[in-house]
Amino acid sequence: MEWCSLNNICGGCTYGGMTYEEQLAEKEKKLTGILEPAFDENSVWEGVIPSPLHERYKNKMEYSFGNEVKDGPLTLGMHKRKSFYSVVTCDDCRIADEDYNRIIKATVMFFRLFNIPFVHKKSHEGYLRHMILRRSFATGDVLVDLVTADMPVGCCALSEDELLEQWKTMLLKLELDGQIAGILHTRNNSPADAVIDEGTERLYGRDFIVENCLGLSFKVTPFSFFQTNSKGAEELYSKIREYVGDTTGKTVYDLYSGTGTIAQLVAPVAEKVYGVEIVAEAVEAAKENAKDNGLDNCEFIAGDVLNVIDGLEKKPDIIILDPPRDGLHPKMLPKIAAYGIEKIVYVACKPESFVRDMEYFKTAGYRVERAAGCDMFPYTKHCEAICLISKRMELQ
């Protein structure tokens, strides 16, 4: 099966030579093998939920500037497979929106024209670092964020302002399926090979896009967390709501809540929903989104979940956990189990971490009642798991 020109070269896709049906079968086999130690004889496995879109599904891409070979021409794309230094230009990527491919192709040609250098990992010298692109499936709006270091002296015959103005003008002339809603410039002088926001300015338009999910709207900025597969997120959140069940008159904890998407989706009939997240920017976005969605029973708190939950006024009836890849902090496990609630919904982006955490929940009298996979990342090896953990009847 022909995939793209960079199949087996780019480090983005690992299942590029497989049909989607083959991918789902492989993911189900892998996922059930990982989760099996967490199940008992009565646990119900509900299979892997397919992604509604198999291609062009990503609403966010984070590209790097570099070159494919030493002293080679400027590239903008993904790291070459099994390479820390080499970057290949991904301008025909099949999992990214076609507008993204047009934007990065035009951008790399623009900066090649002016011979603008990228930031080298060893010397930390150069100017260009990353490009972040986000798209709303609801509106077609695209947000473009160029991430650079400070411009070195003598780097370009133009001033930085003149260079960025010409780049912006070039982008706005591109023929796209959607439309550019905002063009941003983020400064990042950190030696780390990561996108760190040390100040962002607007060159054009807005600094956010608006995405819809199951009837609610969410403002998404370059650095706020939102599931990168918008259509797949609706499948994931629908399964979470199914596992959560009726929240009428109940208090729900959404721990590691990000921008509060899950919290707001279960909030309409709940008495109270607490969302706790350590990233302050995400919490502010959650508050704003809840206000825009007319939800006044959501309270979002910035801080370490481990410390914050001790001070929450109302005790939970239901807990939703969507922790980082490493799973729960060991000290969180007894705190959650001590509530003795009937139902916990655990969303695992790394199922191995869930299996480890489940070992403790078993000792506290919990079992996996139902579980499903959700394919948020077609053509990659990743697959999320959603697990309903319930208190064993004899211990209630």
Side-chain angles (χ1 to χ4, degrees), residues 44 46 49 52 137-138 210-220 224-227 229-277 282-303 305 308-309 311-323 335-348 366 368-372 374 376 384-391 393 396:
V44 177
E46 299 180 331
I49 303 167
F137 277 76
V210 178
E211 187 61 286
N212 293 342
C213 185
L214 297 176
L216 299 179
S217 64
F218 299 90
K219 286 183 180 178
V220 182
S224 61
F225 174 79
F226 193 87
Q227 293 286 352
N229 181 342
S230 296
K231 298 300 181 183
E234 293 192 323
E235 299 293 328
L236 175 71
Y237 295 145
S238 293
K239 179 58 71 172
I240 292 170
R241 288 206 301 195
E242 178 187 328
Y243 282 3
V244 168
D246 184 14
T247 59
T248 303
K250 294 182 179 179
T251 297
V252 182
Y253 284 8
D254 178 16
L255 305 182
Y256 313 94
S257 57
T259 52
T261 312
I262 296 174
Q264 293 174 63
L265 289 170
V266 302
V269 296
E271 179 182 341
K272 182 76 174 182
V273 179
Y274 291 102
V276 184
E277 166 62 45
V283 171
E284 291 307 308
K287 291 177 180 178
E288 189 173 346
N289 286 327
K291 182 179 179 181
D292 291 343
N293 287 316
L295 299 170
D296 58 6
N297 61 339
C298 294
E299 182 176 344
F300 294 101
I301 303 166
V305 174
V308 170
I309 61 171
L312 298 182
E313 181 181 354
K314 294 179 179 289
K315 300 306 177 186
D317 299 299
I318 300 168
I319 294 178
I320 302 168
L321 301 169
D322 190 3
K335 287 191 175 189
I336 293 169
Y339 289 119
I341 60 176
E342 179 183 344
K343 186 183 294 185
I344 299 170
V345 178
Y346 192 122
V347 184
Y366 287 90
V368 176
E369 182 178 330
R370 298 163 64 189
C374 189
M376 300 289 287
E384 303 230 350
I386 314 107
C387 302
L388 173 60
I389 308 169
S390 60
K391 196 80 168 173
M393 293 298 293
Q396 291 186 35

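- Scanning for side chain to side chain donor-acceptor pair (under 3.5 Å) contacts around Lys343 gives an empty result, with sequence neighbours left out.
- Taking 4.5 Å as the limit, every side-chain heavy atom of Ile301 sits out of range of all side-chain heavy atoms of Val283.
- Atom CD1 in Ile386 sits 11.0 Å away from atom OH in Tyr237 (nearest 0.5 Å).
- In terms of modelled atom types and a separation under 3.5 Å, the side chain of Ser238 and the main chain of Glu234 share a donor-acceptor contact.
- Not a single donor-acceptor pair under 3.5 Å links the side chain of Asn297 to the backbone N or O of Val273.
- Separation of atoms CD (Glu369) and CD1 (Ile389) is listed at 11.0 Å; rounding is to 0.5 Å.
- Of the inter-residue distances, the one linking Lys335 atom NZ with Ile319 atom CD1 reads 12.0 Å to the nearest 0.5 angstrom.
- Taken to the nearest 0.5 Å, the CD1 atom of Ile240 stands 4.0 Å off from the CD1 atom of Ile262.
- Residues Phe137 and Glu211 have side chains in contact (heavy-atom distance under 4.5 Å, counting atoms from C-beta outward).
- Remark: the backbone N or O of Ala263 is paired with a side-chain donor or acceptor of Asp254 at under 3.5 angstrom.
- For Asn212 against Ala138, the heavy-atom pair with the smallest separation is ND2-CB, 3.6 Å.
- The closest side-chain heavy-atom distance from Tyr366 to Ile341 is below 4.5 Å.
- Annotation: side chain of Phe218 is in contact with side chain of Gln264 (closest heavy-atom distance under 4.5 Å).
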Please assess Ile336 against Leu321 for the test side-chain contact (heavy atoms from CB on, under 4.5 Å), listing each intermediate value before the final yes or no.
-> CA-CA 10 Å; Ile336 293 169; Leu321 301 169; 3.7 Å; yes
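- Annotation: cation-pi geometry satisfied between Lys272 and Tyr274 (NZ/CZ under 6.0 angstrom from ring centroid, within 45° of ring axis).
- The main-chain N or O of Met376 is found under 3.5 Å from a side-chain atom of Asn229 such that the two form a donor-acceptor pair.
- The nearest pair of heavy atoms linking Phe300 to Ala290 is CE1-CB, 3.9 Å.
- Contact record, Cys298 with Ala267: SG-CB, 3.5 Å, taken as the closest heavy-atom pair.
- Across every non-hydrogen atom of Ala285 and Thr259, the tightest pair is CB-CG2, 4.1 Å.
- Counting heavy atoms from C-beta outward, Glu384 and Gln227 have side chains that approach closer than 4.5 Å.
- Not one N or O on the side chain of Asp322 forms a donor-acceptor pair closer than 3.5 Å with the backbone of Ser257.
- Of the inter-residue distances, the one linking Glu235 atom CD with Lys231 atom NZ reads 10.0 Å to the nearest 0.5 angstrom.
- The closest donor-acceptor contact from the side chain of Asp246 to the backbone of Thr248 lies under 3.5 Å.
- Applying the salt bridge (Lys or Arg N to Asp or Glu O under 4.0 Å) test to pairs two or more places apart or on separate chains, none has a residue in residues 255-270.
- Contact check for Val44 versus Glu46: side-chain heavy atoms found under the 4.5 Å cut-off.
- Side-chain atoms of Thr247 and Ile318, non-hydrogen and from C-beta on, do get closer than 4.5 Å to each other.
- Ring geometry for Tyr339 against Tyr253 counts as perpendicular: the plane angle is over 60°, on a 0 to 90° scale with 30° as the lower cut.
- Looking only at side-chain heavy atoms (C-beta outward), Ile320 and Val244 come within less than 4.5 Å of each other.
- We find that Glu242 and Lys239 are joined by a salt bridge, their nearest charged nitrogen and carboxylate oxygen being less than 4.0 Å apart.
- Neither side chain, Thr251 nor Glu271, offers a donor N or O lying under 3.5 Å from an acceptor on the other.
- For the residue pair Phe226 and Cys213, the shortest heavy atom distance occurs at CZ-CB, 4.5 Å.
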